[in-house]
Structure formats: structure tokens, C-alpha cells
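To keep things clear, I will list the structure first and then write my remarks on it.
Note that the coordinates shown come from a computational prediction; the quantities given were computed from them, not determined experimentally. Below, read A as the first sequence line, B as the second, and so on, with proteins coming before strands; counting in each chain starts at 1. Atoms considered below: every heavy atom in the structure, side chains included; atoms not considered: hydrogens, waters and symmetry mates.
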There are 2 protein chains.
Amino acid sequence: MVDVNNIDVYLKSQGIRPSFHRMKILEYLLRERNHPTVDTIFDSLRGMFPTLSRTTVYNTMKLFLSHGVVQALTIEEKEVRYDADTSLHGHFKCVVCGAVYDFGLEEEIKTFMNLKDFQINEHYIFLKGVCKTCLESREV
Amino acid sequence: MVDVNNIDVYLKSQGIRPSFHRMKILEYLLRERNHPTVDTIFDSLRGMFPTLSRTTVYNTMKLFLSHGVVQALTIEEKEVRYDADTSLHGHFKCVVCGAVYDFGLEEEIKTFMNLKDFQINEHYIFLKGVCKTCLESREV
DNA sequence: TCTAAAACTGTAATAATTACAAAAATACAA
DNA sequence: TTGTATTTTTGTAATTATTACAGTTTTAGA
Ligand SMILES: [Mn+2]
Ligand SMILES: [Mn+2]
Ligand SMILES: [Zn+2]
Ligand SMILES: [Zn+2]
């Protein structure tokens with residue numbers, strides 16, 4: 001995983017110039033781990049520096065995406081989310097609170113990905129349902 | 001699987017009045033099995049009946065979706081595709097020809113979906129890469 | 001300090017989807 | 001069959017997320 005204290009080094013290693021905005025955006029992704037949309041990022045950060053433009057967030061996410069610094073998750077139509085954890089893992093979206101949880105994939109997942117005759121470049125796995133918190137608060 | 005010759009019966013059983021357009025659209029989905037976008041459906045069908053409106057396709061897909069007659073696949077940003085096969089299966093999109101293939105999931109997939117504390121309502125699994133046909137035609 | 005390149009901003013343009021109201025088709029009771 | 005209410009379809013306008021673009025600011029380095 002990427003060290004939050006060495007974001008500049010990491011960005012350079014990925015061929016991205018570590019500007020202030022880029023570092024703050026990546027720091028946000030790494031710190032919150034909330035799989036945010038562009039608007040979530042924008043709204044969260046402009047409190048800190050109100051000069052931020054939404055276009056900058058879009059541009060930065062596109063740049064990050066093209067350099068493999070983030071992956072895009074289209075869990076819901078019209079709701080593209082971004083994840084700075086680009087490793088292979090599954091996502092669970094709670095349909096009640098909207099939170100997106102990560103979960104690891106064990107060996108078994110690799111079995112069905114080993115499809116002959118096909119070259120696998122990207123794999124997306126996600127689930128939707130109700131998370132533990134929401135299940136409990138409904139039991140009232 | 002749904003019988004292409006009894007679409008009207010099937011739609012009624014799902015609580016949907018089987019209008020001409022609805023039957024033709026579902027017939028298209030069942031026959032082609034191509035995971036089409038709204039525009040693909042629209043362009044394919046208006047050759048047969050040019051009076052068709054794009055809005056009707058949108059409306060119909062939304063209706064089908066709410067009745068569980070189709071599932072929506074957002075494999076690519078801004079490219080919502082529809083699948084009349086609502087069973088649990090994986091999708092493979094060839095990044096070369098754009099075709100979306102189905103593949104079955106064996107028992108192992110159920111293992112990691114058996115997450116405790118979470119109620120799973122929907123699961124989406126898809127891969128991207130290059131299909132056999134495209135791999136071969138590149139070997140030239 | 002000066003200059004060129006890169007990054008950022010804000011607005012305008014684009015494109016997918018949805019809202020909406022009018023027109024057409026359908027169901028069915030009289 | 002005819003009349004009427006309901007449903008479906010249509011076409012355009014509105015909305016929304018994203019992208020294009022051009023001007024401005026910042027940065028890096030000679
Ligand atoms: Mn994740
Ligand atoms: Mn399928
Ligand atoms: Zn929840
Ligand atoms: Zn192919």
C-alpha cells in the first residue's frame with residue numbers, strides 16, 4: 001500500500017508530477033478509503049481550499065486513472081467512484097447507507113478467472129446488499 | 001430460460017402488459033444475447049418499425065429492470081448494457097471487438113459471496129481482456 | 001529575474017438520460 | 001359497434017455528468 005506520508009514520491013514513481021492539488025486529492029483517497037465520486041472529493045476538499053475547481057478533480061482522476069494510480073468503479077449507473085487501492089479485491093455496496101466496503105478475494109476467485117482462450121486484463125467484482133450496521137438498526 | 005415463442009406469457013407472469021414494442025424488444029434481447037445498450041437496441045429495431053422512439057426503449061428497459069426481466073451491466077463508464085439473462089453469471093468484455101461474453105460461475109464463486117454479517121442482494125462480476133478471436137487475428 | 005511549460009480555473013459544449021405533455025393504441029362496457 | 005377510460009408511445013425540452021477549451025496562474029529552471 002502507498003504511504004500517506006510519501007505521496008509525492010509515489011506520484012513521481014508513477015510518472016505524475018506531484019502538484020499540491022494532486023497530492024491533496026490522493027491523500028484524501030488514501031485516508032478516507034471511501035470510494036468517493038468526483039463530487040464527494042470536490043465537496044470534501046473545497047472546504048480546505050475554496051479555490052479548487054471541479055474540473056481539476058475530473059482532470060486529476062483521469063490522469064490518475066491513465067497512470068494506474070486509481071481504479072474506477074461503476075457500481076451504480078451514473079455514479080463513478082474511485083479507489084486508490086488498485087489491488088484485486090471485491091466491493092460490497094450497502095443499498096441502505098450507500099457505503100462501499102472492500103473485501104479480499106481468496107484463491108477460489110482465481111479459479112474461474114483462469115479462463116482458457118481469453119486474455120484477462122481487468123476484472124471487476126462487486127456485490128450489493130445491506131451491511132451489518134444497517135441490518136442491526138433495522139431490527140428495532 | 002425464457003422461451004422466445006412465449007414472450008407474452010412470460011411478460012404477463014412478470015406483471016408486465018405485453019405490448020408490441022415490449023415483446024419485440026425482449027425478443028431482440030433473448031435472440032441476440034449481445035448485452036446491448038439502449039442505442040444498439042434502438043438502431044437495430046427501428047429498421048423493422050421506423051416509428052419506434054428512443055424514449056420507448058428507455059422506458060421499456062426501466063420497466064423491465066424494475067420487474068426483474070433484465071439486469072443492467074455497467075461494464076464501461078457511460079455504457080449501460082442490458083441482459084435478459086438474470087441468472088448469476090460472469091461477463092467478459094473483449095477490449096478489442098467490444099463483444100461481451102457470458103461465462104458460468106462454479107461453486108467457488110459462492111464461497112466468497114458467503115460473507116457473514118452482510119445480506120447480499122446483487123452481485124456483479126465481470127472481466128475485461130481480449131477474446132480468442134481477437135487474439136488469433138492479431139497473431140498475424 | 002525571465003521565460004516556457006505545466007497546472008488550474010471557469011464557462012461553454014456535449015451526450016446520456018429523464019420529464020412531460022400530447023397523440024395513438026388498446027380494453028372493454030354499454 | 002361505439003364511446004370512453006386507461007395505457008402506451010412519441011417527440012421535444014430539461015436535466016445532469018462529463019469534457020472541451022481558452023484564459024490565468026503557478027512552477028521550474030536557465
Ligand atoms: Mn476498494
Ligand atoms: Mn450475460
Ligand atoms: Zn449500511
Ligand atoms: Zn474480440
Between B:Arg22 and B:Glu27 (salt bridge meaning N to carboxylate O under 4.0 Å), is one present in this structure?
no
Is a donor-acceptor pair below 3.5 Å formed from side chain A:Thr55 to base C:dT11, judging by atom type as modelled?
yes
Residue pair [X] / [Y], side-chain heavy-atom distance below 4.5 Å:
X	Y	result
B:Tyr10	B:Asp3	no
B:Asp83	B:Asp102	yes
B:Thr86	B:Val69	no

Only Watson-Crick and G-U wobble pairs with both distances less than 3.5 Å should count. Give DNA chain C in dot-bracket notation, marking inter-strand partners with |.
||||||||||||||||||||||||||||||
What do you reckon, are the aromatic ring centroids of A:Phe49 and A:His21 less than 6.0 Å apart?
yes
Please report the closest heavy-atom contact between B:Leu26 and B:Ala84, naming both atoms and the distance.
CD1-CB, 4.1 Å
It should be established whether [X] places a side-chain nitrogen or oxygen under 4.0 Å from OP1 or OP2 of nucleotide [N].
X	N	result
B:Thr51	D:dT9	no
B:Ser19	C:dA25	no
A:Arg17	C:dA7	yes
A:His21	D:dT26	no
A:Ser53	C:dC8	no

How many whole angstroms separate atom CE of B:Met61 from atom P of C:dT18?
12 Å
Provide, to the nearest angstrom, the distance between the CZ atom belonging to B:Phe49 and the C1' atom belonging to D:dT10.
13 Å
Along DNA chain D (nearest heavy atom to each residue), the more 5'-positioned of B:Arg22 and B:Pro50
B:Arg22
OG/A:Ser44 to CG/A:Leu29 distance, rounded to the nearest 0.5 angstrom?
10.0 Å
5' precedence on DNA chain C between A:Thr60 and B:Phe20 (nearest-nucleotide basis):
A:Thr60
Step-by-step salt bridge (charged side-chain N to carboxylate O under 4.0 Å, His left out) determination, A:Glu79 to A:Arg81:
CA-CA 6 Å; A:Glu79 190 188 75; A:Arg81 289 161 168 264; 3.0 Å; yes
Which atom pairs link the protein and nucleotides 12-17 of chain C when you take only N or O atoms and keep those under 3.5 Å?
unit_1 : atom_1 : unit_2  : atom_2 : d
C:dT17 : OP2    : B:Tyr58 : OH     : 2.6
C:dT17 : O3'    : A:Lys78 : NZ     : 3.3

Check whether the side chains of A:Asp39 and A:Thr37 place a donor and an acceptor atom closer than 3.5 Å, and report yes or no.
no
